[in-house]
Amino acid sequence: MTLDQAIIAVLIGSMMANDHVSPEESERAHHITWSMRRFRRRSGDTVGRLIESVRQRIVADGPAATVSQASKVIPSSIRPSLLAVAADLMLVDGTLQRQERQFLGELARQLKIAPALSLQIVKAISIKNSI
């Protein structure tokens, strides 16, 4: 799995955390993807193929296994940022459902982010999305 695929896997896994992808989550994921420096200069076709390859992997292996594989590829320098992006995506509706909280906790564990730091990240993103 490439780093680009791993990032997309975390985004898709975040959206699927509560077994339902809302239109707001889908729109936010689109915005987040295109706002990332690593994707913004690529063509829509290129990014679309990347997303489709990750979706196929999720269908084949399941979201939990795919995100677990992705977490091993993510460099430590961007792990807290990726957790923040995942939280931002899930908090688009202003609340975290139980399944979403569990997903974030497991993602933080897999990314080896200290519990205190992951809590601070989620709190900050929660405040941002409540404005």
Side-chain angles (χ1 to χ4, degrees):
M1 180 178 293
T2 68
L3 177 56
D4 290 346
Q5 289 172 323
I7 290 168
I8 296 297
V10 170
L11 293 179
I12 293 173
S14 299
M15 288 190 301
M16 297 177 73
N18 65 350
D19 299 324
H20 171 72
V21 178
S22 72
E24 294 84 8
E25 287 172 330
S26 183
E27 183 179 326
R28 177 70 61 92
H30 178 82
H31 173 74
I32 286 171
T33 302
W34 288 109
S35 68
M36 288 183 183
R37 191 177 337 187
R38 69 182 313 110
F39 298 123
R40 79 172 71 127
R41 291 192 178 96
R42 298 187 190 175
S43 73
D45 288 340
T46 299
V47 175
R49 284 191 301 274
L50 173 65
I51 292 168
E52 186 54 34
S53 73
V54 173
R55 284 184 186 180
Q56 288 175 6
R57 181 176 235 149
I58 287 172
V59 167
D61 299 341
T66 304
V67 171
S68 178
Q69 293 166 0
S71 68
K72 295 172 184 158
V73 176
I74 306 295
S76 60
S77 62
I78 67 168
R79 289 176 182 175
S81 297
L82 191 57
L83 182 67
V85 168
D88 190 39
L89 184 53
M90 285 189 270
L91 278 162
V92 70
D93 62 359
T95 61
L96 278 178
Q97 295 178 353
R98 181 183 54 79
Q99 295 157 306
E100 292 170 324
R101 284 191 306 274
Q102 289 173 337
F103 176 88
L104 280 175
E106 181 61 19
L107 180 61
R109 188 189 67 71
Q110 290 175 355
L111 293 174
K112 298 179 174 136
I113 298 173
L117 177 57
S118 66
L119 184 60
Q120 286 178 325
I121 290 168
V122 173
K123 281 184 178 182
I125 297 300
S126 183
I127 292 167
K128 172 213 168 256
N129 285 336
S130 69
I131 296 176

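Hydrogens, waters and symmetry mates play no part in the numbers below; they use all other heavy atoms, side chains included.
- Summarising the geometry, atom CE belonging to M36 is positioned 15.0 Å from atom CZ belonging to R41; distances are rounded to the nearest 0.5 Å.
- Of the charged side-chain nitrogens involved, none lies within less than 4.0 Å of a carboxylate oxygen, so that E52 and R49 do not count as a salt-bridged pair.
- In this structure, CG on L3 lies 10.0 Å from CD1 on I8, to the nearest 0.5 angstrom.
- At least one side-chain heavy atom of D88 sits under 4.5 Å from a side-chain heavy atom of K128.
- Between the side chain of R42 and the backbone N or O of V47, no donor-acceptor pair lies under 3.5 Å.
- Between L82 atom CG and I74 atom CD1 the span is 5.0 Å, to the nearest 0.5 Å.
- The two residues A9 and V54 come nearest to each other via the heavy atoms CA-CG1, 3.6 Å.
- Between E25 and V21, the closest heavy-atom pair is OE1-CA, 3.4 Å.
- Side chain of T33 to main chain of A29: a donor-acceptor pair is present (N/O by atom type, distance under 3.5 Å, no hydrogens or angles).
- Hydrophobic clustering keeps V92 apart from L96 (ILVMFWY residues linked when any side-chain heavy atoms are closer than 4.5 Å, directly or through intermediates).
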Subject >> Full working for side-chain contact (heavy atoms from CB on, under 4.5 Å) between D93 and E24 >> reply: CA-CA 8 Å; D93 62 359; E24 294 84 8; over 6 Å; no
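- There is no path of hydrophobic side-chain contacts, each under 4.5 Å, that joins L91 to L119.
- Note that the OG atom of S71 and the CD1 atom of I113 stand 10.0 Å from one another [nearest 0.5 Å].
- Taking each heavy atom of M90 and E100 in turn, the nearest pair found is SD-CB, 3.5 Å.
- Of the possible polar contacts, none joining the S126 side chain to the V122 backbone as a donor-acceptor pair under 3.5 Å is found.
- For E106 and Q110, the side-chain atoms include at least one donor-acceptor pair closer than 3.5 Å.
- Counting heavy atoms from C-beta outward, V10 and S14 have side chains that approach closer than 4.5 Å.
- Considering every non-hydrogen atom in both L11 and L89, the closest pair reads O-CD2, 3.3 Å.
- Separating the NZ atom in K112 from the NZ atom in K72 is a distance of 9.0 Å, to the nearest 0.5 Å.
- Taking 4.5 Å as the limit, every side-chain heavy atom of L117 sits out of range of all side-chain heavy atoms of R79.
- Test D61, I58, L107 against V67 for side chain to side chain contact (heavy atoms under 4.5 Å, CB included) and you get one pass: L107.
- No more than 12 heavy atoms of other residues, nucleotides or ligands lie within 6.0 Å of CZ in R55, so this atom counts as exposed by the packing criterion.
- The 12-atom threshold is exceeded at CZ of R40, counting heavy atoms of other residues, nucleotides or ligands nearer than 6.0 Å.
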**OP:** Could you walk me through whether S118 and L104 pass side-chain contact (heavy atoms from CB on, under 4.5 Å), step by step?
**Re:** CA-CA 8 Å; S118 66; L104 280 175; over 6 Å; no
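- A pairwise comparison of heavy atoms in S53 and Q5 identifies OG-NE2, 3.5 Å as the closest pair.
- More than 12 heavy atoms of other residues, nucleotides or ligands sit less than 6.0 Å from atom CD of Q99.
- Exactly one residue among I7, I51, T46, I32 makes a side chain to side chain contact (heavy atoms under 4.5 Å, CB included) with F39. That residue is I7.
- Note that CE of M15 is 10.5 Å distant from CZ of F103, once rounded to the nearest 0.5 Å.
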